[in-house]
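Notes for the one structure printed next.
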Protein chains: 2
Amino acid sequence: MNFTAPPGQPRGIAVGLKLLTSLPCDRCVGRSLNLCRPLDDARLRRLLALGGIRHWKRHETLFRAGDPMTSFFKIRKGIAAVSRALDDGRRQIVAVRAPGDCVGYLDNDGRYAFEGEALTDVEACAFDRRGFDAFAADHPDLAAAVSEALSSALKQTGQAMLVLGQLKSTERVAHFLCEIDALYRDRHIGGTPLVLHMSRGEIGDYLGLTIETVSRSMGKLKKRGLIGLIGSDGVVVLEGAKLREVGKVGAAPASVAAAF
Amino acid sequence: MNFTAPPGQPRGIAVGLKLLTSLPCDRCVGRSLNLCRPLDDARLRRLLALGGIRHWKRHETLFRAGDPMTSFFKIRKGIAAVSRALDDGRRQIVAVRAPGDCVGYLDNDGRYAFEGEALTDVEACAFDRRGFDAFAADHPDLAAAVSEALSSALKQTGQAMLVLGQLKSTERVAHFLCEIDALYRDRHIGGTPLVLHMSRGEIGDYLGLTIETVSRSMGKLKKRGLIGLIGSDGVVVLEGAKLREVGKVGAAPASVAAAF
DNA sequence: GAGGCCTGTTGACCAATATCAATGCCGTAC
DNA sequence: GTACGGCATTGATATTGGTCAACAGGCCTC
């Protein structure tokens, strides 16, 4: 942090007549990530005009699969899960998204293809999808940023398929912890101890395991001395290298903001 | 097939002086899919100049994860698998690709992020990645086609995560059969009986199951009268509706050519 | 046509994980 | 402070799918 201006003062007023108000982006972690990265203030302002900032409480639904898509969301604060459910109640969380990531972008014929749920209180920019598409069509650098976010998400889901299809329960949990640790570290949220913000059930829905198996796997990792548990939501990574080894985590996966 | 011109005659010569040779695209199933769809003949010609048509035999490697990425590929004929492996031999096939699809598109820092392998003999256009990116940067409709292919792939992998994380072995196999059936039908390859072109081991690597479990699940579906088996590679879908029910396949998934 | 190899099928057994159930912990409401 | 509800943990048991092994069928070579 090396601001010279005092915090809280509306920035921009002093800069010039054109900027009458400060942008909410000035304080957004995602300003330099994903869609927003290539944009200058003027274009950010035009993008913001396509929607507004919205808020959800933990466990609230951001969007529902099959509902008509109006806007998609770029997370400013908090964590969200993108998921898909079967009629019989089984559900699979397909991605955990953090500030800077987009959710609710994928559509099926004008309808959301997945569910979005707040894992913590969430604040996000909502962008009208049609307006955004039109805007992106005129701005190749923005369109390129979308492609990059999609590519990044695709690499992540490919990796996730490896986890679901090939890893044993304890390997999956170890992988999950490394993944969340890397994600939070990348987005500069949290620290030590790592706070998961996910119940055992939510972790299970992400890893294709039951609550009990997640709990037991955590216990095994703890007994092996790789992690420490603080309450049920806090994790201290004691042996990062070994944990990554168990979780079959390759070299630094260059976490990049993604869209889903 | 309602061509009026006799097949085999070089098309294009009669059309005008500008077209000195016919395009290989004239006979490519993927001409109207994916990247190529928005392009007219002149631009197709420029795209083709970025590479050439290449061939692989069944089981040959198209590209290897970690190898420097030179070009990516758009399949003209045959089926290919995109996969990812662990050091200990376990591997996960993350996508099965057919004519019109792209493979080898995802990179990590200039290197292929996944493996590509021919499941049958494969013919594909190879496009130099850098050249393509530059070309796409000047052609918004092409860039949009890339985004669409990536979005489509992302929806597919989300669905695949649901399959791997939540479905039982027989459900997975039923899902797989429906998926392949829809894919081949969409690309106008094969017919009845459905020819899988994948060994039990390859299916297992896709579904996160062992050879034996795939075999037993096929047996169960056969005994239930949902499918018939012709040899080990041929499948007759006898009860499509029931098979889709077992495989938890939602309504027509609007199969769209995708990139990986 | 015989032999060998590769793949698939089938059976027996075992290990991993799901399921069911009991208990404990923690936060909240009254 | 006490009671309650939700979630996590732990144990006992059931089920699924993996592992190991035997065998069968198809295809190729010689």
Side-chain angles (χ1 to χ4, degrees), chain A residues 57-59 86 88-92 117 119-120 163-177 193-224 227-235 246-248, chain B residues 57-59 86 88-92 119-120 163-177 193-224 227-235 246 248:
Chain A
K57 291 260 168 235
R58 173 172 166 97
H59 290 147
L86 295 171
D88 58 18
R90 288 180 277 182
R91 77 161 184 166
Q92 178 67 39
E117 180 194 321
L119 292 176
T120 63
V163 169
L164 289 174
Q166 305 299 327
L167 299 197
K168 307 279 196 186
S169 60
T170 305
E171 294 171 333
R172 291 190 211 185
V173 171
H175 184 93
F176 167 75
L177 294 174
L194 183 61
V195 182
L196 298 179
H197 299 299
M198 291 174 74
S199 70
R200 297 290 182 265
E202 286 162 341
I203 297 170
D205 283 351
Y206 185 41
L207 298 177
L209 301 171
T210 59
I211 292 174
E212 296 92 330
T213 301
V214 172
S215 180
R216 281 186 249 264
S217 293
M218 291 269 202
K220 280 182 196 166
L221 293 172
K222 179 181 175 183
K223 187 144 53 183
R224 285 216 251 164
I227 62 171
L229 295 176
I230 298 177
S232 69
D233 213 26
V235 174
V246 172
K248 312 292 172 186
Chain B
K57 291 262 168 232
R58 173 171 166 96
H59 290 146
L86 295 171
D88 58 17
R90 289 180 276 182
R91 77 161 182 166
Q92 178 66 42
L119 292 176
T120 63
V163 170
L164 290 175
Q166 305 298 328
L167 299 196
K168 306 275 195 192
S169 59
T170 306
E171 294 172 332
R172 292 190 212 185
V173 171
H175 183 94
F176 167 76
L177 294 174
L194 182 62
V195 182
L196 299 179
H197 299 299
M198 290 173 74
S199 70
R200 297 290 183 263
E202 285 161 342
I203 296 170
D205 283 351
Y206 185 40
L207 298 177
L209 300 170
T210 59
I211 293 175
E212 294 92 331
T213 301
V214 172
S215 180
R216 280 187 251 263
S217 293
M218 291 267 201
K220 282 182 194 166
L221 293 173
K222 179 181 176 183
K223 187 144 52 182
R224 285 216 251 163
I227 62 172
L229 295 177
I230 299 177
S232 67
D233 214 26
V235 174
V246 173
K248 313 292 171 186

Inset, instruction - Would you check if B/K220 and B/V173 make a side-chain contact, meaning some heavy-atom pair closer than 4.5 Å? - result: no

Inset, instruction - Check B/L196, B/L209, B/V214 against B/F176 for a side chain to side chain contact (heavy atoms under 4.5 Å, CB included) and give me the one that passes. - result: B/L196

Inset, instruction - Taking the side chain as every heavy atom from C-beta outward, state whether B/I227 and B/L194 have any atom pair closer than 4.5 Å. - result: no

Inset, instruction - Mind calculating the distance between CG (A/L164) and P (C/dT17) to the nearest angstrom? - result: 13 Å

Inset, instruction - Tell me, yes or no, whether the heavy-atom count around B/R224 atom CZ, taken from other residues, nucleotides or ligands under 6.0 Å, exceeds 12. - result: no

Legend entry - Whichever of B/I211 and A/R172 has its nearest DNA chain C nucleotide further upstream toward 5': B/I211

Legend entry - Protein-nucleotide distance (A/L167, atom CG; C/dT17, atom P), rounded to Å: 11 Å

So which protein N/O to nucleotides 5-7 of chain C N/O distances come out below 3.5 Å?
none

Legend entry - Length of the CZ-P vector between A/R90 and D/dT16, whole Å: 12 Å

Legend entry - B/S217 and B/R172, any side-chain heavy atoms less than 4.5 Å apart: no

Inset, instruction - Calculate the interatomic distance between A/L209 atom CG and D/dG17 atom C1'; express it in whole Å. - result: 15 Å

Inset, instruction - Side-chain contact test, heavy atoms from C-beta onward, threshold under 4.5 Å: evaluate it for A/R91 versus A/E202 and give yes or no. - result: yes

Legend entry - 5′-ward residue of the pair A/L229/B/V214 relative to DNA chain D: A/L229

Inset, instruction - With the side chain counted from C-beta on, respond yes when A/Q92 and B/L164 share a heavy-atom pair under 4.5 Å apart, and no when they do not. - result: no

Legend entry - Distance in angstrom units between A/D233 CG and C/dC26 C1', rounded: 13 Å

Inset, instruction - Report the distance from atom NZ of A/K223 to atom C1' of D/dT10, rounded to the nearest whole Å. - result: 11 Å

Legend entry - A/H175 vs A/L207 side-chain heavy atoms within contact, under 4.5 Å: no

Inset, instruction - Rounded to the nearest angstrom, tell me the gap between atom NZ in B/K222 and atom C1' in C/dT9. - result: 11 Å

Legend entry - Touch class at under 4.0 angstrom, heavy-atom based, for A/G204 against every strand present: nothing

Legend entry - Heavy-atom side-chain proximity of B/R216 to B/T170 below 4.5 angstrom: no

What N/O pairs connect the protein and nucleotides 19-26 of chain D at under 3.5 Å? Give each pair on its own line.
unit_1	atom_1	unit_2	atom_2	d
D/dT19	O4	B/R216	NH2	2.9
D/dC20	N4	B/E212	OE2	3.1

Inset, instruction - Could you state the atom-to-atom distance from CD of A/E171 to P of C/dA16 in whole Å? - result: 11 Å

